[in-house]
Protein chains: 2
Amino acid sequence: MDKKSYRSSIISTATRLFAESGLYGVSIRELSAAAGVSISMISYYFEGKESLYASVLQEQFSCFEYLQTIRDKSATPLEKIEDYIRWSIQRNRDYPFLLRYYTSELTNPTRHFSVIVQPALEKALQTLVEIIKEGIDKKLFRDELDPEDTALAMAGMVNYYFLSRLATQEFINHSPERDEELIRHYMDIFTKGL
Amino acid sequence: MDKKSYRSSIISTATRLFAESGLYGVSIRELSAAAGVSISMISYYFEGKESLYASVLQEQFSCFEYLQTIRDKSATPLEKIEDYIRWSIQRNRDYPFLLRYYTSELTNPTRHFSVIVQPALEKALQTLVEIIKEGIDKKLFRDELDPEDTALAMAGMVNYYFLSRLATQEFINHSPERDEELIRHYMDIFTKGL
DNA sequence: GTCTATATTGCGATAGAC
DNA sequence: GTCTATCGCAATATAGAC
């Protein structure tokens, strides 16, 4: 089936398995079996399990580089916020396991947190903070708003939609077809309040 | 120091260690050493590591029972929302490890998820959904609001404040003294928008 | 109840054949 | 590059002494 190299086959299998069970919840035996390669291939292509995990993390968080594009855009703060929300949602669609690494590293950080995860998350939040500050400066948003708290609230809103999926899928429709409706709804809440 | 029994000493040590490293990230050797008891005490008081983890989960999620009190209160929907937010924040203060189990089980569910975690989270969200529906019925909130999405947005906002702590503590003050200010700010965002 | 000692299993890593 | 076989270690669990 797969015409991929062993190396990329290991990476993609590891991405799924580490996400599903965590770094310590999966053995390199299971992992190599699932990838259809011998156990020794993990040390051959990477420097062991720990290093494979770091490679997975690196790949997963590379999508945060797109933030610079939102930052550099010439658009109104409100348009930028919509861009940010749309990007956040699409990011979770394109990288279905990202949130697991994200939360796993936030709550049980490995030694890669400060190198890979923290900078990405900080950049994401700072981007949002800048947009909100710009909106306050231009008198588009109320100046009672605390930019940091507001940014965190927005980011939390979107991420929690995906994070809570397993507990809410019985009564909340999580299908991608509803994503644009969701964006409109989130923008609506934040611009008009209840 | 501790006048507690071995059983409760094991539980409280396990609560911290499982939270810090996950179920598979800590061995019963470390755990018993940290608790100052022999390794065999874990099988004596519990039925092994897995069962100890279940006991920890059960204890951590018992605080969701308080939700009934909010539900039964006679208060306006807006007051109930403020109660809910205050309870959420206080819950994270009183149970500093709860969010780790919460997110760990949401992203890497063990076999206890559906028994202990899912019911608690569903009840929390449904409580919020009911409050919002009541507000819409009484024409206090706009009827364009989707109750489920709005409830999820609120819950996400509060939880993300705590979840993101490790990545945001450099530029966001997380001290409990600021909790009431935070509640006012969240209520402000949701009632007035940006 | 609590301990030490041990049985057994599975782990990560690698040597060496091909 | 890729495999099999194996080393050395750490895991959980428990038997049996006290």
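Here is how names work: the chains are called A, B, and so on, in the same order as the sequence lines, proteins then strands, and each is numbered from 1. Just so we're clear, the structure is a prediction, and the values are computed from it rather than from any experiment.
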(message) Taking the ring centre of each residue, are A/Phe162 and A/His174 less than 6.0 Å apart?
(response)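 For A/Phe162 and A/His174, the ring centres are not under 6.0 Å apart.
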
(request) Indicate, with yes or no, if the rings of B/Phe18 and B/Tyr53 have centres closer together than 6.0 Å. (result)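 Yes, the ring of B/Phe18 comes within the 6.0 Å limit of the ring of B/Tyr53, centre to centre.
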
Can you figure out which of [options] approaches the side chain of [X] most closely?
X       : options               : value
A/Arg29 : D/dT12, C/dC11, C/dC3 : C/dC11
B/Ser43 : C/dT4, D/dT14, D/dT2  : D/dT14
B/Met41 : D/dT2, C/dC3, C/dA5   : C/dC3

Separation of [N] [atom2] from [X] [atom1] (nearest whole Å):
X       : N      : atom1 : atom2 : value
B/Leu31 : D/dA13 : CG    : C1'   : 15 Å
A/Ile42 : C/dC11 : CD1   : P     : 12 Å
A/Lys49 : D/dA11 : NZ    : P     : 12 Å
B/Ile28 : C/dT8  : CD1   : C1'   : 13 Å
B/Tyr24 : C/dG10 : OH    : C1'   : 14 Å
A/Ile39 : C/dC11 : CD1   : P     : 8 Å
B/Ile10 : C/dT2  : CD1   : C1'   : 11 Å
A/Tyr53 : C/dC11 : OH    : P     : 19 Å

(message) On DNA chain C, compare the nucleotides closest to B/Gly36 and A/Ser27; which residue's is nearer the 5' end?
(response)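 With B/Gly36 and A/Ser27 compared, the 5'-side residue is B/Gly36.
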
(message) For A/Ser40 and A/Glu30, find the nucleotide of DNA chain C closest to each by heavy atoms; which residue's nucleotide sits nearer the 5' end?
(response)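 The residue whose closest nucleotide sits nearer the 5' end is A/Glu30.
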
(request) Mind checking the CG-CG spacing from B/Leu166 to A/Leu106? Nearest 0.5 Å is all I need. (result)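 Result: 6.5 Å between the selected atoms.
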
(message) What's B/Tyr45 touching, base or sugar-phosphate or nothing? Going by heavy atoms closer than 4.0 Å.
(response)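 It contacts sugar-phosphate atoms only.
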
(message) Any base atoms under 4.0 Å from A/Tyr44, or only sugar-phosphate, or nothing? Heavy atoms, all strands.
(response)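 If one applies the 4.0 Å heavy-atom cut-off, A/Tyr44 turns out to touch a base.
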
(request) Check whether the side chains of B/Glu122 and B/Gln118 place a donor and an acceptor atom closer than 3.5 Å, and report yes or no. (result)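 Present: a donor and an acceptor within the cut-off.
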
(request) Using only heavy-atom distances, determine whether the side chains of B/Tyr161 and B/Asn92 contain a donor-acceptor pair under 3.5 Å. (result)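 Side-chain D/A pair, B/Tyr161 to B/Asn92: absent.
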
